[in-house]
Structure formats: structure tokens, C-alpha cells
Amino acid sequence: MAIELEAGWLEQLRGQFSQHYMQQLSGFLRAEKRAGKVIYPPGGEMFNAFNRTPLGAVKVVILGQDPYHGPGQAHGLCFSVVPGVALPPSLVNIYKEIEQDLGVSMPAHGCLNHWAQQGVLLLNSVLSVERANAASHQGRGWERFTDSAIEVVNRQCEGVVFMLWGAYAQRKGAIIDEQRHCVLRAPHPSPLSAHRGFFGCKHFSRANAYLQSRQLGPVDWQLPDA
């Protein structure tokens with residue numbers, strides 16, 4: 001597994017790559033590719049969340065679970081898909097909440113690069129998946145790596161907004177120091193649960209209010225056209 005990480009992240013996470021679990025994960029990924037399996041996202045995009053959002057720029061963290069497993073969807077940012085791909089249902093609900101919360105209309109595409117470039121870390125717990133085989137790379141080591149990344153943000157940064165949607169993200173974010181950071185919790189935006197409290201959570205306006213209270217610039221949640 002090639003290590004292509006933004007310098008700030010690499011400084012903090014370099015030690016993970018020499019650990020046994022990460023070497024096992026790298027071997028697993030190589031074996032899957034040798035066996036002819038298609039892995040998403042493409043190798044050069046697995047660490048996109050880190051490379052699009054440098055450690056020193058992190059303002060907001062949104063935690064997802066697994067990459068999308070359909071062709072051409074995943075590109076290394078949780079909930080995001082490349083332009084031209086149909087919007088996943090959870091992302092549609094995120095857009096609906098932003099529109100209700102902030103009054104901004106969302107475009108037809110699902111590419112969230114604009115958020116990442118403003119300091120929104122869009123981090124999945126697991127960074128790869130086999131095509132058409134949901135959650136197939138869970139338990140292979142990615143969770144430990146991304147736990148380390150969350151610990152780095154918790155320790156190295158100050159005043160970050162964590163949006164924890166659903167029980168899985170809330171368990172993963174349990175280590176966050178709520179004296180130093182703002183933690184916002186809500187049900188997952190999936191159609192199965194969004195009506196239980198994700199709609200109306202106002203996380204986007206609350207995040208911006210918190211950032212502004214700390215003299216930090218708000219996030220522009222309005223996405224430009226693809």
C-alpha cells in the first residue's frame with residue numbers, strides 16, 4: 001500500500017504503517033487485487049479524506065462507515081460521489097436538511113470536494129470495499145487506523161465540530177474530549193432513520209455558529225455546480 005498522505009497527517013500517522021495490523025491490511029488488499037477483485041475507491045483515492053483536508057485545516061469532522069460499493073461512486077470522501085453519479089439516498093437527506101436549516105439549494109451532483117477543501121474531514125471508518133460486496137473490508141484493520149486519525153484530531157486540534165450521525169459514528173467518536181471540541185449527535189441520514197431526528201437537527205447552522213463563536217470562518221455548505 002503506497003503511503004500518499006498530506007504532510008501533517010503523515011507526521012502523526014506514519015507510525016501506524018509499520019504496525020503489524022497495517023501490514024496485514026496491505027497484504028490483504030494486494031491479495032484481493034491479485035485474485036481479480038475490483039476494489040473501491042481506486043488506490044490513489046483511498047486516503048482522499050486526508051489529502052483533501054490537511055490536518056492543520058480541520059474544522060469539522062463527519063464520520064461515515066464504508067465506501068460506496070457501486071461502480072464509479074466512491075472517491076475517498078464519506079457520503080460523496082463523483083459528478084455524474086446518481087445521488088445516494090443518505091446524501092439526498094443531508095441535502096434536504098441543509099436546505100431546511102440554511103435555506104440554500106443543493107445542486108444535482110453529489111461531489112463534496114468543496115466542503116473538504118474548507119476543512120470538513122469526510123472520513124469513513126473503513127477506507128476500501130470490494131465491488132458489489134457491501135462492508136466486505138470491515139474488520140481488516142481500517143477501523144484501527146481511522147480511530148488513530150480521530151485521536152490525532154482530538155489531541156492536536158482545538159475547537160473542531162464533530163457530526164456523529166447514527167450509533168456507529170457515535171461509538172467511534174466516544175473518545176472525543178467534549179471540553180475541547182463541539183460534538184453534535186443525531187440519527188443517521190439514511191431513509192431508514194432520518195425521520196427519527198436527523199431532519200431538524202440543524203447541525204450545519206449549529207456548526208457554523210460554534211466556529212464563529214471561536215473566531216473561525218464558517219463553512220460554506222452551498223456546493224458549486226459540478
With rounding to the nearest 0.5 angstrom, report the CG to CD distance, Leu112 to Gln118.
11.0 Å
Within the 6.0 Å centroid threshold, strictly below: Phe145 and Phe17
yes
Any non-hydrogen side-chain atom of Val104 less than 4.5 Å from a side-chain atom of Phe204?
no
Thr53 side chain vs Val58 backbone, donor-acceptor pair below 3.5 Å:
no
Distance-minimising heavy-atom pair for Leu102 and Ser205
CD2-CB, 3.7 Å
Please say whether more than 12 non-hydrogen atoms of neighbouring residues, nucleotides or ligands are located less than 6.0 Å from CZ in Arg155.
yes
For Asp225, does the CG atom sit with more than 12 other heavy atoms under 6.0 Å from it, leaving out its own atoms?
no
Between Arg144 and Gln16, does any side-chain donor sit less than 3.5 Å from a side-chain acceptor?
no
Under 3.5 Å, is there a donor-acceptor pair between the His114 and Trp221 side chains?
no
Can a donor-acceptor pair be found, under 3.5 Å and without considering hydrogens, that links the side chain of Trp9 to the backbone of Arg14?
no
side-chain contact (heavy atoms from CB on, under 4.5 Å) evaluation trace for Leu55 with Gln12:
CA-CA 9 Å; Leu55 177 59; Gln12 296 296 323; 3.7 Å; yes
Pairwise side-chain contact, Ser90 with Phe79, heavy-atom cut-off 4.5 Å (strictly under)
yes
4.5 Å side-chain heavy-atom contact, Ile39 and Met46
yes
Contact summary for His69 and Glu130, nearest pair of heavy atoms:
CB-O, 3.7 Å
Here the gap from Cys111 atom SG to Leu91 atom CG, rounded to the nearest 0.5 Å, amounts to 10.0 Å
Joint cluster assignment, Val61 & Leu184, ILVMFWY side-chain distance < 4.5 Å:
no
Please give me the minimum heavy-atom distance between Val161 and Ala207, naming the atom from each residue.
CG1-CB, 3.8 Å
For Pro224 against His109, the heavy-atom pair lying closest together
O-NE2, 2.7 Å
Between Arg30 and Ser26, do the side chains contain a donor N or O and an acceptor N or O under 3.5 Å apart?
yes
Between Arg185 and Glu178, is the closest basic N to carboxylate O distance under 4.0 Å?
yes
Exactly one of Pro191, Pro88, Ser193, Ser190 clears side chain to side chain contact (heavy atoms under 4.5 Å, CB included) with Asn93, and that residue is Pro191
Heavy-atom distance under 4.5 Å between the side chains of Cys201 and Asp101, does that happen here?
no
Does the ring centre of His181 sit less than 6.0 Å away from the ring centre of Phe162?
yes
In Å, rounded to the nearest 0.5 Å, how long is the span from OH of Tyr210 to CZ of Arg214?
4.0 Å
Quick one: does any side-chain atom of Gln170 pair with a main-chain N or O of Ala186 as donor and acceptor, under 3.5 Å?
yes
I'd like to know if the side chain of Asn51 and the backbone of Glu4 have a donor-acceptor N/O pair within less than 3.5 Å.
yes
Test of understanding: clusters of I, L, V, M, F, W, Y form through side-chain heavy atoms closer than 4.5 Å, transitively. Do Val183 and Ile62 belong to the same one?
no
How about Lys59 and Val160: do any of their side-chain heavy atoms sit closer than 4.5 Å?
no
Could you tell me whether the side chain of Arg131 and the main chain of Gly70 form a donor-acceptor pair under 3.5 Å?
no
Less than 4.5 Å apart, side chain to side chain, heavy atoms only: is that true for Ile94 and Phe198?
yes
Between Ser128 and His137, do the side chains contain an N or O donor and an N or O acceptor separated by less than 3.5 Å?
yes
Any non-hydrogen side-chain atom of Arg140 less than 4.5 Å from a side-chain atom of Gln24?
no
Using the six-membered ring wherever Trp is involved, compare the ring planes of Phe199 and His195 and label them parallel, tilted or perpendicular (cut-offs 30° and 60°).
perpendicular
Heavy-atom closest contact (Pro71 atom, Tyr40 atom, distance)
CA-OH, 3.3 Å
Report yes or no: do Ile175 and Tyr168 belong to one cluster of Ile/Leu/Val/Met/Phe/Trp/Tyr joined by side chain heavy-atom distances under 4.5 Å?
no
Taking Ser18's backbone N and O only, do any of them form a donor-acceptor pair with Gln23's side chain (distance below 3.5 Å, no angle check)?
yes
Report the C-alpha distance between Leu13 and Phe50 in whole Å, list the side-chain angles of each, state the deciding distance to 0.1 Å, and finish with yes or no for side-chain contact (heavy atoms from CB on, under 4.5 Å).
CA-CA 11 Å; Leu13 294 172; Phe50 303 103; 4.2 Å; yes
Would you please test Leu123 and Thr146 for side-chain contact (heavy atoms from CB on, under 4.5 Å) and show each step?
CA-CA 8 Å; Leu123 183 65; Thr146 52; 4.0 Å; yes
Following the transitive rule for hydrophobic clusters with a side-chain heavy-atom cut-off under 4.5 Å over Ile, Leu, Val, Met, Phe, Trp and Tyr, establish whether Leu5 and Leu121 coincide in one cluster.
yes
To the nearest 0.5 Å, tell me how far Asn124 CG sits from Asn48 CG.
11.5 Å
What's the separation between atom NE2 in His188 and atom CZ in Arg196, rounded to the nearest 0.5 Å?
12.0 Å
Hey, could you give me the CD/CD distance between Glu151 and Gln156, rounded to the nearest 0.5 Å?
11.5 Å
Is Gln73 reaching over with its side chain to a backbone N or O of Val85, donor-acceptor style, under 3.5 angstrom?
no
Does some side-chain heavy atom of Tyr95 sit less than 4.5 Å from a side-chain heavy atom of Leu223?
yes
Give me the one residue out of Lys172, Glu143, Arg171, Gln138 that meets side-chain hydrogen bond (donor to acceptor under 3.5 Å, both in side chains) with Ser125.
Lys172
Can a donor-acceptor pair be found, under 3.5 Å and without considering hydrogens, that links the side chain of Ser80 to the backbone of Leu77?
no
Find out if a path of hydrophobic residues (ILVMFWY) with successive side-chain heavy-atom gaps under 4.5 Å connects Val126 to Val129.
no
Is the distance between the ring centroids of Tyr21 and Trp142 under 6.0 Å?
no
Would Val219 and Val120 count as a side-chain contact (heavy atoms from CB on, under 4.5 Å) if you check the C-alpha gap in whole Å, the side-chain angles of each, and the deciding distance to 0.1 Å?
CA-CA 8 Å; Val219 174; Val120 181; 4.0 Å; yes
